[in-house]
Amino acid sequence: MTSGLVAGGFITGASAAAADEAPQHQGGAAATLNGLTTFDQAVLRVDGERQEVPAGLFEMTVDGGGTLKTYCVDLHNPTQEKARYLEASWDQTSLGGNKDAGRIRWILQHSYPQVDDLVGLAKAAGAGPLTAGTAAAGTQVAIWRYSDNAQVQALDPAAEKLADWLEKQAGNIPEPGASLSLRPSAVSGPAGTRIGPVTVRTDADRVTVAPPADAAASGIRITDVKGRPVVSATDGSRLYFDVPAQAADGSAALTVQATTSVPVGRAFAGVTKSQTQILAGSSQSAVSATAAATWATAGAIPALSARKNCAEGGVDVTTTNKGDAPFTFELTGRTHTVPAGESRTVTVPVAEDQAYEFTITGPAGLRKTFRGVLDCRTTGSTAVAMTGPQGSRPSPLSVDGTSSGPVSADDGPDLAETGASGATPMIAGTALAMLVIGGAAVFLLRKKKDPGAEG
């Protein structure tokens, strides 16, 4: 069976066929930025120029319920008002290539808001009295020194003492795991078999498992390896799509959902171009992950997935063929063939800060649209805008665009990391998708033995 996979040139907007598809999400929390809420001032020096900037905690509202507190790890890139963010692994952001990323996580775990005893924190740092705003500013300044190699000092003397102490004391702590993910995110196989496994990775006590929307009509079930139906799962559970032999060639998706505290140190990347964030605290929040399966009675049976590859400066598009015939596809003028039982990964070069989108088509109406923004590096600049339209004024803004002042740590929910709770159904899983660049480009093709792995 031969099927076409076509990627067009750069597009300014989604096509009608792809308009309802969400950006590729490796699983976890999805949230909307509310703005900079708890902060004080800092002084940034770039090329001899002095600029006063706000420094502190941002707040995000999680889809389906929950609140996140985050710090910036991308100083010179402005945030966008009401920007959408997705939980991501470090290697999907500038943190992946930062040898000091583990020190940033140490700072998060040993300062505000994880440490909310401001008197004790000030004493440990040898600083004067701290408020929530100055503690947040000192913490952000210390983070910027490691995330952006920035020459920056807190304006408040106690905040500066805290920043110096955190920078000096910071140890190296490994990246935390995802709050919730499914690995791999795409599987395939013949009809009449159990297709998988898809492994659950989570720090929640338990997750709910939602079967495909048309499961009752199609007869597709989500089971364990022995064929027993599964409606909930735990970390390490292995899930399968049980597809009847008489099922017409097609595809389906399952979603797992939970309520848990997102681990401190998880990265949050903008769906559109917006300042990369790192998690400092989480209430109990809704998280989800989605995996898709493709099946057929004969011929090529491809599973398609994509993820950012910051190390290579592009997007990895992985095709796994579980059929009995080769799967041949065309990508921007080049033809690739994946033999039966094998997988291939095409790395598509994408310019830094470039939005990308493309659609992959396959047998039995298979269609995947991949889109996103490649934001893998921090960028030095004297223009710092913490919130607002790209390149706008360098002042913290509330959602309505007016200036906002420091907010007390007592306002709002407790955002210290408190652990996981039982799962509850909540939000529809993010649709499997993610994008590309077209135009004449040179693609790197390589073979991967484990295409489903993700951070």
Problem - Flag for D316-T318: side-chain donor and acceptor within less than 3.5 Å - result: no
Exercise for the section: Could you tell me the separation between the OG1 atom of T223 and the CZ atom of R228, rounded to the nearest 0.5 Å? Expected result: 9.5 Å
Problem - Any Q140 side-chain heavy atom under 4.5 Å of C72 side chain - result: yes
Problem - Polar side-chain atom of D353 near backbone of D375 as donor-acceptor pair, under 3.5 Å - result: no
Handout entry: Side-chain donor/acceptor of W144 to backbone N/O of Q151, under 3.5 Å
Key = no
Practice task
Please confirm whether the backbone N or O of S185 pairs with a side-chain atom of S305, one donor and one acceptor, at under 3.5 Å?
Solution key: no
Exercise for the section: Keeping the roles fixed (side chain from D249, backbone from T297), state whether a donor-acceptor pair exists under 3.5 Å. Expected result: yes
Handout entry: pair T320-V187: side-chain heavy atoms closer than 4.5 Å
Key = no
Fill in the blank from the handout: Output for pair (R221 CZ, L254 CG), nearest 0.5 Å, gives 14.0 Å
Handout entry: Non-hydrogen side-chain atoms of R201 and S181 separated by less than 4.5 Å
Key = yes
Exercise for the section: For D324 and G299, indicate whether the former's side chain and the latter's backbone hold a donor-acceptor pair under 3.5 Å. Expected result: yes
Handout entry: CG-OG1 distance between L304 and T294, expressed to the nearest 0.5 angstrom
Key = 6.5 Å
Problem - Any donor-acceptor pair under 3.5 Å from R194 side chain to V225 backbone - result: yes
Problem - Short side-chain to backbone donor-acceptor contact, R105 and N172, under 3.5 Å - result: no
Completion exercise
Output for pair (D205 CG, T260 OG1), nearest 0.5 Å, gives 7.5 Å
Practice task
Show your reasoning for whether side-chain contact (heavy atoms from CB on, under 4.5 Å) applies to H76 and D148.
Solution key: CA-CA 8 Å; H76 301 289; D148 293 74; 4.2 Å; yes
Practice task
Measure from the side-chain N and O atoms of S282 to the backbone N and O of V262, and report whether any donor-acceptor pair falls under 3.5 Å.
Solution key: yes
Problem - Chi angles and distances behind the side-chain contact (heavy atoms from CB on, under 4.5 Å) call for I107, Y146 - result: CA-CA 10 Å; I107 292 170; Y146 283 123; 3.8 Å; yes
Handout entry: Closest non-hydrogen atom pair between P263 and P176, with its separation
Key = CB-CB, 3.8 Å
Handout entry: Residue pairs involving residues 211-265 (criterion ring-ring contact (aromatic ring centres under 6.0 Å, His included); sequence neighbours excluded)
Key = none
Fill in the blank from the handout: Minimal heavy-atom distance between E59 and K69, with the atoms involved, is OE1-NZ, 3.1 Å
Problem - Residue pair E87 / S179, side-chain donor-acceptor N/O under 3.5 Å - result: yes
Problem - Verdict with reasoning, R84 to T272, per side-chain contact (heavy atoms from CB on, under 4.5 Å) - result: CA-CA 7 Å; R84 298 276 300 142; T272 55; over 6 Å; no
Practice task
Could you tell me which non-hydrogen atom of Q109 sits nearest to which non-hydrogen atom of Q114, and how far apart they are?
Solution key: O-CB, 4.0 Å
Exercise for the section: Could you check if a side-chain atom of R266 sits within less than 4.5 angstrom of a side-chain atom of E175, using non-hydrogen atoms only? Expected result: yes
Practice task
Examine the side chains of N34 and T61 and answer whether a donor and an acceptor come within less than 3.5 Å of each other.
Solution key: yes
Exercise for the section: Could you tell me whether the side chain of K322 reaches within less than 4.5 Å of the side chain of I195, counting heavy atoms only? Expected result: no
Practice task
Evaluate the criterion side-chain contact (heavy atoms from CB on, under 4.5 Å) for residue pair T378 and N98; output intermediate values, then yes/no.
Solution key: CA-CA 10 Å; T378 56; N98 186 341; over 6 Å; no
Practice task
Please lay out, stage by stage, how D100 and R145 fare under the test salt bridge (Lys or Arg N to Asp or Glu O under 4.0 Å).
Solution key: CA-CA 10 Å; D100 292 319; R145 291 173 183 174; over 6 Å; no
Problem - Side-chain heavy-atom pair T32, K82 within 4.5 angstrom cut-off - result: yes
Handout entry: Closest approach of S288 to T255 (non-hydrogen atoms, all atoms of both residues)
Key = CB-CG2, 4.4 Å
Practice task
Could you tell me whether the side chain of E352 and the main chain of R377 form a donor-acceptor pair under 3.5 Å?
Solution key: yes
Completion exercise
One should read off an interatomic distance between L75 CG and T276 OG1, to the nearest 0.5 angstrom, of 12.0 Å
Exercise for the section: Please answer whether the main-chain N or O of W90 pairs with a side-chain N or O of T93 as donor and acceptor at a distance below 3.5 Å. Expected result: yes
Exercise for the section: Would you check if S147 and I104 make a side-chain contact, meaning some heavy-atom pair closer than 4.5 Å? Expected result: yes
Fill in the blank from the handout: Nearest heavy-atom contact between T290 and L182 is C-CD1, 3.8 Å
Exercise for the section: Drop me the distance from C376's SG to N309's CG, to the nearest 0.5 angstrom. Expected result: 8.0 Å
Exercise for the section: State, yes or no, whether a side-chain contact exists between V287 and T259 at a heavy-atom distance under 4.5 Å. Expected result: no
Practice task
State, to 0.1 Å, how close A269 and A88 come at their nearest heavy-atom pair, and which atoms those are.
Solution key: CB-CB, 4.4 Å
Practice task
Could you verify whether a donor N or O on one side chain and an acceptor N or O on the other, from T79 and S274, lie under 3.5 Å apart?
Solution key: no
